*Asks:* 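Quick one: the structure is below, and I'll ask about it shortly.
From a predicted model like this one, the values you see are computed outputs, not experimental measurements. Each residue takes its place number in the sequence, starting with 1.
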Amino acid sequence: MVQRVTGADVKIDGKINGEIGNGLMVLLGVGVGDTDEDMKYIADKIINLRIFSDKNDKMNLSLTDVGGSMLVISQFTLYGDCSHGRRPYFGDAMEPVGANEMYESFVRYVKGQGIHIETGEFGADMKVTLTNDGPVTIILESK
């Protein structure tokens, strides 16, 4: 899930772990069967997604066009299936070790594309604050 923000931060144990100004807040869920190709597809899609306003107030600019930053938070609960009963089923989320490796690969890949990136901490209890600009929220999937 991608949100266009004017600012966002993540706190762990009351201390800021990552903070950005203008840019994108990314909640990254990793599912069973996701591959490096899926990760690169999503990363490239997010980096080049034209959801920032140009001089005519049209969504026509990407994160790189506006020189924005990215805050990435691992979010296995995006895979919560609530179609049966009242308790989410998380069986479609990748197991923690593999999901953390994919999360770290995503972060390295985005940094390698020249994007300033801040992060939370995989598996930590995090408090995320953001100001959604628009609001603009986009859900992306690699499948």
Side-chain angles (χ1 to χ4, degrees), residues 1-54 57 59-143:
M1 181 182 306
V2 179
Q3 295 178 302
R4 184 179 74 183
V5 299
T6 58
D9 67 56
V10 58
K11 293 178 183 167
I12 301 171
D13 295 328
K15 296 179 183 175
I16 292 178
N17 196 77
E19 182 175 29
I20 64 168
N22 187 48
L24 298 174
M25 166 71 189
V26 176
L27 300 176
L28 184 67
V30 181
V32 172
D34 282 348
T35 65
D36 283 339
E37 290 75 30
D38 292 311
M39 179 274 300
K40 289 176 184 174
Y41 169 83
I42 288 294
D44 287 333
K45 181 68 84 172
I46 292 169
I47 292 168
N48 295 296
L49 198 60
R50 293 174 21 192
I51 59 173
F52 291 90
S53 298
D54 64 14
D57 206 28
M59 281 200 272
N60 203 25
L61 301 175
S62 70
L63 185 64
T64 54
D65 293 332
V66 300
S69 300
M70 188 184 297
L71 176 62
V72 181
I73 306 295
S74 60
Q75 189 75 36
F76 84 94
T77 60
L78 288 172
Y79 278 91
D81 180 354
C82 299
S83 61
H84 297 93
R86 297 185 180 176
R87 185 175 187 183
Y89 168 73
F90 297 106
D92 293 330
M94 186 178 282
E95 50 79 25
V97 172
N100 187 30
E101 289 173 4
M102 189 71 69
Y103 171 77
E104 294 295 334
S105 291
F106 179 91
V107 171
R108 282 191 304 275
Y109 183 81
V110 171
K111 280 183 182 176
Q113 305 307 304
I115 303 296
H116 175 247
I117 189 168
E118 298 279 329
T119 66
E121 182 180 310
F122 189 90
D125 180 19
M126 298 175 273
K127 306 299 181 215
V128 179
T129 304
L130 64 102
T131 302
N132 192 318
D133 183 19
V136 174
T137 302
I138 306 289
I139 297 171
L140 298 173
E141 296 186 53
S142 61
K143 305 289 186 227

*Asks:* Give the minimum heavy-atom separation between Ala124 and Ile12, together with the two atoms involved.
*Replies:*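 Shortest heavy-atom separation between Ala124 and Ile12 comes out as CB-CD1, 4.1 Å.
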*Asks:* Which residues satisfy the ring pair (Phe, Tyr, Trp, His ring centres under 6.0 Å) test with Phe76, sequence neighbours excluded?
*Replies:* Phe90
*Asks:* Can you measure from CD1 (Ile42) to CD (Glu141) and round to the nearest 0.5 angstrom?
*Replies:* 8.0 Å
*Asks:* Do Asn60 and Phe52 touch side chain to side chain, with heavy atoms closer than 4.5 Å?
*Replies:*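 Asn60 vs Phe52: side chains apart.
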*Asks:* For residues Gly80 and Pro88, report the shortest heavy-atom separation together with the two atoms involved.
*Replies:*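 Looking at all heavy atoms of both residues, the closest pair is CA-CB, 4.2 Å.
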*Asks:* Do Met1 and Thr137 have side-chain heavy atoms sitting under 4.5 Å apart?
*Replies:*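 When only atoms from C-beta onward are counted, Thr137 and Met1 do touch, with a gap below 4.5 Å.
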*Asks:* Are Met70 and Leu63 packed together at the side-chain level, in the sense that at least one heavy-atom pair is separated by less than 4.5 angstrom?
*Replies:* yes
*Asks:* Spell out, as yes or no, whether a donor-acceptor pair under 3.5 Å connects the side chain of Gln75 to the backbone of Leu78.
*Replies:*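 Absent.
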*Asks:* Tell me if a side-chain donor or acceptor on Ser62 pairs with a main-chain N or O of Asp65 at a distance below 3.5 Å.
*Replies:*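 Side chain of Ser62 to backbone of Asp65, a donor-acceptor pair under 3.5 Å: yes, one is there.
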*Asks:* Do Val10 and Ile73 have side chains that approach each other closer than 4.5 Å (heavy atoms only, starting at C-beta)?
*Replies:*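 Val10 reaches Ile73 side chain to side chain.
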*Asks:* Has Asn132 got a side-chain atom pairing as donor or acceptor with Val136's backbone, closer than 3.5 angstrom?
*Replies:*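 Side chain of Asn132 to backbone of Val136: a pair is present.
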*Asks:* In Å and rounded to the nearest 0.5 Å, what is the CG to OG1 distance from Asn22 to Thr131?
*Replies:*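 Here the rounded value is 11.5 Å.
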*Asks:* Do you know the tightest heavy-atom contact between Leu71 and Ala8?
*Replies:*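 Reported closest heavy-atom pair: CD2-CB, 3.8 Å.
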*Asks:* If you round to the nearest 0.5 Å, how far is OG1 of Thr6 from CD1 of Ile20?
*Replies:*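 It is 9.5 Å, given to the nearest 0.5 Å.
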*Asks:* Do Asp36 and Tyr109 get their side chains close enough for a donor-acceptor pair, meaning under 3.5 Å?
*Replies:* no
*Asks:* Say whether, by atom type as modelled, one donor and one acceptor occur between the side chain of Asn17 and the main chain of Thr119 under 3.5 angstrom.
*Replies:*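 Present.
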*Asks:* Is any side-chain heavy atom of His116 closer than 4.5 Å to one of Glu118?
*Replies:*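 Answer yes - side chains close enough.
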*Asks:* Please name the pair of heavy atoms, one in Arg108 and one in Ser105, separated by the smallest distance, quoted to 0.1 Å.
*Replies:*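 Arg108 and Ser105 have their closest heavy atoms at NH2-OG, 3.2 Å.
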*Asks:* Would the distance check show the side chain of Arg4 and the main-chain N or O of Asp133 forming a donor-acceptor pair, the cut-off being under 3.5 Å?
*Replies:*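 At least one qualifying donor-acceptor pair exists.
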*Asks:* Do any N or O atoms from the side chain of Gln3 and from the backbone of Val5 form a donor-acceptor pair under 3.5 angstrom?
*Replies:* no
*Asks:* Working to the nearest 0.5 angstrom, can you tell me the gap between Ser83 OG and Tyr89 OH?
*Replies:* 10.5 Å
*Asks:* Can you tell if the side chain of Ser142 reaches within under 4.5 Å of the side chain of Asp34, non-hydrogen atoms only?
*Replies:*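 Yes, their side chains come closer than 4.5 Å.
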*Asks:* Flag the pair Phe106 / Ile46 as yes when at least one side-chain heavy-atom distance between them is below 4.5 Å, and no otherwise.
*Replies:*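 Counting from C-beta outward, Phe106 and Ile46 do come under 4.5 Å.
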*Asks:* Taking the side chain as every heavy atom from C-beta outward, state whether Val72 and Val110 have any pair of such atoms under 4.5 Å apart.
*Replies:* no
*Asks:* Looking only at atom types and distance, does a side-chain atom of Asp38 sit under 3.5 Å from a main-chain N or O of Thr35, one as donor and one as acceptor?
*Replies:* yes
*Asks:* Can Ser74 and Asn100 be counted as having a side-chain donor-acceptor contact under 3.5 angstrom?
*Replies:*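 No pair is found: no donor N or O on one side chain lies under 3.5 Å from an acceptor on the other.
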*Asks:* I'd like to know if Lys11 pairs up with Asp13 as an ion pair, taking the criterion as any Lys NZ or Arg NE/NH1/NH2 lying under 4.0 Å from an Asp or Glu carboxylate oxygen.
*Replies:*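 Salt bridge absent between Lys11 and Asp13.
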*Asks:* Report the distance from atom OG1 of Thr64 to atom CD1 of Ile115, rounding to the nearest 0.5 Å.
*Replies:* 5.5 Å
*Asks:* Please give me the minimum heavy-atom distance between Gly33 and Met94, naming the atom from each residue.
*Replies:*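 Nearest pair, atom of Gly33 first, then Met94: N-CE, 4.3 Å.
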*Asks:* What's the shortest heavy-atom distance between Met59 and Ile51, and which atoms?
*Replies:* SD-O, 3.4 Å
